[in-house]
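This one's a predicted model, so the numbers in the text were calculated from it and none came from an experiment.
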Amino acid sequence: MSLHFSEHMIYVLIKVIVDDTEDVSLDVGNEEELALQKAKIRHPLATFFHLFFRIGAIVAYLFCDWFSKSFITCFVIILLLLAFDFWSVKNVTGRLLVGLRWWNQIDEDGKSHWIFEAKKASPNISTSTEVEARIFWLGLIICPIIWTIFFFSTLFSLKLKWLALVIAGISLQSANLYGYVHCKTGGQQNVSKSASRFLSQQLFQRTL
């Protein structure tokens, strides 16, 4: 009787230890999966082009004289890179990497309306990762600061022929920075709300 009881107790203890071990391994696996999910880049192409054009414009500004002595050629190349960067960040990478977008809309009366939107985050499905968001905001903030440094260096070194290009770089990249900061802080609204508000304004104006 005592032998049977001892065997039963040993069986119960082994089962409890095995169950606890399985729970711990499952918890460790879930934590590793969550960590990988946070570190994963879901949009590698968008992440690449978010940095490619703006870094390319800075590199071209610094070293363009090494490859071409023509000021016009350097000016056009850098300006095209800045324009590509403005369009891609405003229309593509902001929406994919952080779920934000902004644009200007003109109504039938010719009035200009600035619209700032932030996509509602789903508790189960995330459109972006922490790594992508960090890359997006670092690139968005650091590059206008670099162009501001270029502005003062150009001004103090009296290289005034580059001043217009530097001002263009500051303007284009600061516009995206302002738009996305406004989306993140004070202008968060989804597409349906902005569309319904615009339609209600149009109906109200027509009734008058």
Got a list of side-chain donor-acceptor pairs under 3.5 Å for residues 136-148, not counting sequence neighbours?
from   : atom 1 : to     : atom 2 : distance (Å)
Thr148 : OG1    : Pro144 : O      : 2.8

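When Phe53, Phe49, Phe52 are each tested for a ring-ring contact (aromatic ring centres under 6.0 Å, His included) with Phe84, only one passes: Phe53.
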*Evaluate side chain to side chain contact (heavy atoms under 4.5 Å, CB included) for Ile135 paired with Leu51, printing each intermediate quantity in order.*
CA-CA 8 Å; Ile135 292 173; Leu51 298 175; 3.7 Å; yes
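Applying the salt bridge (Lys or Arg N to Asp or Glu O under 4.0 Å) rule to pairs touching residues 71-80 yields nothing, sequence neighbours excluded. For residues 168-182, no residue pair satisfies the salt bridge (Lys or Arg N to Asp or Glu O under 4.0 Å) rule, not counting sequence neighbours. Applying the salt bridge (Lys or Arg N to Asp or Glu O under 4.0 Å) definition to pairs two or more places apart or across chains, those involving residues 46-64 are Arg54-Asp85.
Nearest approach of Ala175 to Phe86, heavy atoms of both residues: CB-CE1, 4.1 Å. Scanning both residues, Lys90 and Tyr180, for their nearest heavy atoms gives O-OH, 3.1 Å. Of all the heavy atoms in Gly169 and Leu82, the pair that sits closest is CA-CD1, 3.6 Å. Residues Ser112 and Ile106 share a closest heavy-atom pair of CA-CG1, 4.4 Å. In terms of heavy atoms, Ser68 sits closest to Thr73 at OG-CB, 3.9 Å. Considering all non-hydrogen atoms of both residues, Glu132 and Arg42 come closest at OE2-N, 2.7 Å.
Scanning for side chain to side chain contact (heavy atoms under 4.5 Å, CB included) contacts around Leu158 gives an empty result, with sequence neighbours left out. Phe71 is linked by a ring pair (Phe, Tyr, Trp, His ring centres under 6.0 Å) to Phe75, Trp162, counting only residues two or more places apart in sequence or in another chain.
Counting heavy atoms from C-beta outward, Leu62 and Phe150 have side chains that approach closer than 4.5 Å.
Under the 3.5 Å distance criterion, the side-chain polar atoms of Tyr61 are left unmatched by any main-chain donor or acceptor of Cys74. For the pair Gln105 (side chain) and Ile115 (backbone), a donor-acceptor distance under 3.5 Å is absent.
Taking CG of Leu100 as the start and NE2 of His182 as the end, the distance is 12.5 Å to the nearest 0.5 Å. Summarising the geometry, atom CG belonging to Leu160 is positioned 7.0 Å from atom CG belonging to Leu155; distances are rounded to the nearest 0.5 Å. The distance from atom SG of Cys183 to atom CG of Asn176, rounded to the nearest 0.5 Å, is 10.0 Å.
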